[in-house]
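So the structure is just underneath, and the comments pick up after that.
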Amino acid sequence: MEHPDFGRAFPCECKIRETQQSDLAELRQTSGLTHLPQMTFAAFRSEGIGLPPDRRKNLRDAYDAARAFADEPRGWLLFKGGYGCGKTHLAAAIANERLARGEPGLFIVVPDLLDHLRATFAPTSRVTYDDRFENVKGTPLLILDDLGTQSATAWAQEKLFQLLNYRYNAQLPTVITTNRELEEIDPRLRSRLADTTFCKIITVLAPDFRQGGIDTSGSGMSNLAHYAEMTFATFDLRDDELKGDARTNLRRIVFTAKDYAENPHGFIVFTGEYGCGKTHLAAAIANEICKRGGAAMFAVVPDLLDHLRATFAPGSSVSYDQRFDETRTAPALVLDDLGIENATPWAREKLFQIIDYRYVAKLPTIITIHREAEIDARIQSRIFDLARSSVNEMLAPSYRTTHRRAQSKPESGYRRTRGAPAS
């Protein structure tokens, strides 16, 4: 009777568990995760499916960053990448992990958030706009999925700026996913997302898990199968015809190409006249990467642009965004005959976006250019940046021309050995 707790009621263990489950259910109901309980860290394939080593490491790094954020939410975490690469799963896993620990958070797709805000203006709404907006702004942990997919109206841009500006100034933990580049996002938002002291940006390079996690470089976008015979073993060094600088130059470039194929990173550019061997070396690099267990996409630039344009047709089975992301995030990309495309403003812009993305991400990119091709100045500044690009000018003349000439010599020599008069 002398115990200070004498006469006080305490819940039994069963009641405690029941209360905890009820609290967790309420948290989940308000979190926006009612349909995403399966997206946990345990269910995430952090090694991917059949990924090359560099992409496997990239995905593991993204997973580790998400786990660390879930353990201690601080600052902002931005996941960028193509469709189905795992961005949403990692973001939802963070929210589910916090909920499992009894900590509140809100997961919401950006277009849905804007719809919820608009709905408060309806006469029948039970909640005011101010109340709903304040709840979102001040939530301890906010996960915004698919930033950039919303309708870019002035009102929508303003609401997103107000929301993120508030959380930026208040230093509130926030996770954001997007398949857009920072350059495509409202400049006011971009300036906050680009603050590396507060926001950690992770580019996820994995292919679409919904398609089995297999690299899309084997899709109809790539023509590499048509160049299967173009390997280093079948490349002709033309020792019987080339002399002096041209011979030395070709040997050096082949050595450089082989070295790049063993350790692909950054850009490698081949320039020269038609038929000098540029395409053969580019295809040989791609074939060698695939032989070593990697993946590569081979695209002739005019054909690539045609593929992108075709997605706008009413009967297209694939979206433009999906096709575009397949190209710019390919594990290794060959852009053959850059500069011969129809240089419309649209074409120049799409090529710049692809090349700029790969330049910033330092993705392996093999480019062939005719010596007299006209290249957009913005693209030139990236592909000829010697800090990130190996530029190789091939001095050899067209193989097709010299090969025909060489073929005719034995025939004329044969006539002379038979006693025919020399021409």
Side-chain angles (χ1 to χ4, degrees), residues 25-39 73 76-96 98-99 103-170 172-193 199 204 208 210 311 319-322 324-325:
E26 185 177 350
L27 281 173
R28 185 170 296 281
Q29 187 66 35
T30 59
S31 70
L33 287 165
T34 52
H35 301 298
L36 301 174
Q38 76 284 2
M39 290 191 174
W76 288 9
L77 186 60
L78 172 65
F79 291 111
K80 292 166 57 247
Y83 292 103
C85 69
K87 308 184 301 297
T88 296
H89 191 139
L90 287 175
I94 292 172
N96 279 317
R98 298 303 297 174
L99 289 179
E103 299 293 338
L106 175 63
F107 178 101
I108 192 162
V109 181
V110 172
D112 293 344
L113 166 63
L114 295 170
D115 284 346
H116 286 312
L117 293 177
R118 292 187 188 98
T120 61
F121 298 120
T124 56
S125 175
R126 296 180 180 179
V127 61
T128 67
Y129 165 82
D130 288 339
D131 286 344
R132 178 158 290 171
F133 196 49
E134 288 300 320
N135 287 339
V136 176
K137 282 200 311 182
T139 188
L141 172 63
L142 177 63
I143 294 96
L144 292 175
D145 191 36
D146 269 346
L147 178 67
T149 60
Q150 71 281 354
S151 177
T153 63
W155 181 85
Q157 297 291 73
E158 190 62 30
K159 295 305 112 183
L160 287 173
F161 170 71
Q162 289 175 335
L163 170 61
L164 290 176
N165 185 59
Y166 176 88
R167 297 188 67 81
Y168 177 82
N169 291 332
L172 292 174
T174 307
V175 180
I176 301 168
T177 77
T178 183
N179 59 19
R180 302 295 184 187
E181 290 305 301
L182 290 185
E183 293 77 11
E184 303 174 53
I185 296 174
D186 184 300
R188 297 177 299 173
L189 300 182
R190 187 195 316 153
S191 68
R192 286 149 181 81
L193 294 171
C199 180
V204 184
D208 191 342
R210 301 182 189 104
T311 60
S319 70
Y320 164 80
D321 287 340
Q322 181 180 346
F324 188 68
D325 280 335

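As the structure is a prediction and not an experimental result, all values here were calculated from the model.
Taking the side chain as every heavy atom from C-beta outward, L163 and V136 approach each other to under 4.5 Å. With a 4.5 Å cut-off on side-chain heavy atoms, F79 and L90 count as touching. Residues F107 and I94 form no side-chain contact, since every pair of their non-hydrogen atoms from C-beta on lies 4.5 Å or further apart.
If you check the side chains of R132 and T120, you find no donor sitting under 3.5 Å from an acceptor.
Checking side-chain atoms of T178 against main-chain N and O of I176 turns up no donor-acceptor pair under 3.5 Å. A distance-only check finds no donor-acceptor pair linking the side chain of T139 to the backbone of L142 [under 3.5 Å]. The closest donor-acceptor contact from the side chain of N96 to the backbone of A92 lies under 3.5 Å.
Heavy-atom minimum distance, K87 versus N179: CE-N, 4.3 Å. For the pair G105 and L99, the tightest heavy-atom approach, listed with the atom from each and the gap, is N-CD2, 4.4 Å. Minimum interatomic distance between T177 and D146 (heavy atoms only, all atoms of both residues): OG1-N, 2.9 Å. The two residues R167 and W76 have their closest heavy-atom pair at C-CZ2, 3.9 Å. Residue P140 comes nearest to P104 through the heavy atom pair CG-CG, 3.7 Å, listed as atom of the first residue, atom of the second, then distance. R188 and Q157 get closest at one heavy-atom pair: NH2-O, 3.8 Å.
To the nearest 0.5 Å, atoms CG (D145) and CG (D112) are separated by 9.5 Å. Note that CD1 of I185 and CZ of R192 are 13.0 Å apart. Values are rounded to the nearest 0.5 Å. Taken to the nearest 0.5 Å, the CG atom of L193 stands 6.5 Å off from the CG atom of L164. Between L144 atom CG and I108 atom CD1 the span is 8.0 Å, to the nearest 0.5 Å. A distance of 9.5 Å separates CG of N165 from NZ of K137, quoted to the nearest 0.5 Å. Interatomic distance, H116 NE2 to S125 OG, rounded to the nearest 0.5 Å: 11.5 Å.
Between Y129 and F121, the ring planes are parallel. Angles under 30° get that label, and only those over 60° would be called perpendicular.
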> When you look at L78 and L182, which way does the side chain to side chain contact (heavy atoms under 4.5 Å, CB included) test go after all the steps?
Replying inline: CA-CA 11 Å; L78 172 65; L182 290 185; 4.0 Å; yes

> Could you go step by step and tell me if R180 and L147 meet the side chain to side chain contact (heavy atoms under 4.5 Å, CB included) rule?
Replying inline: CA-CA 8 Å; R180 302 295 184 187; L147 178 67; over 6 Å; no

> Step by step, would you call E181 with R190 a salt bridge (Lys or Arg N to Asp or Glu O under 4.0 Å)?
Replying inline: CA-CA 10 Å; E181 290 305 301; R190 187 195 316 153; over 6 Å; no

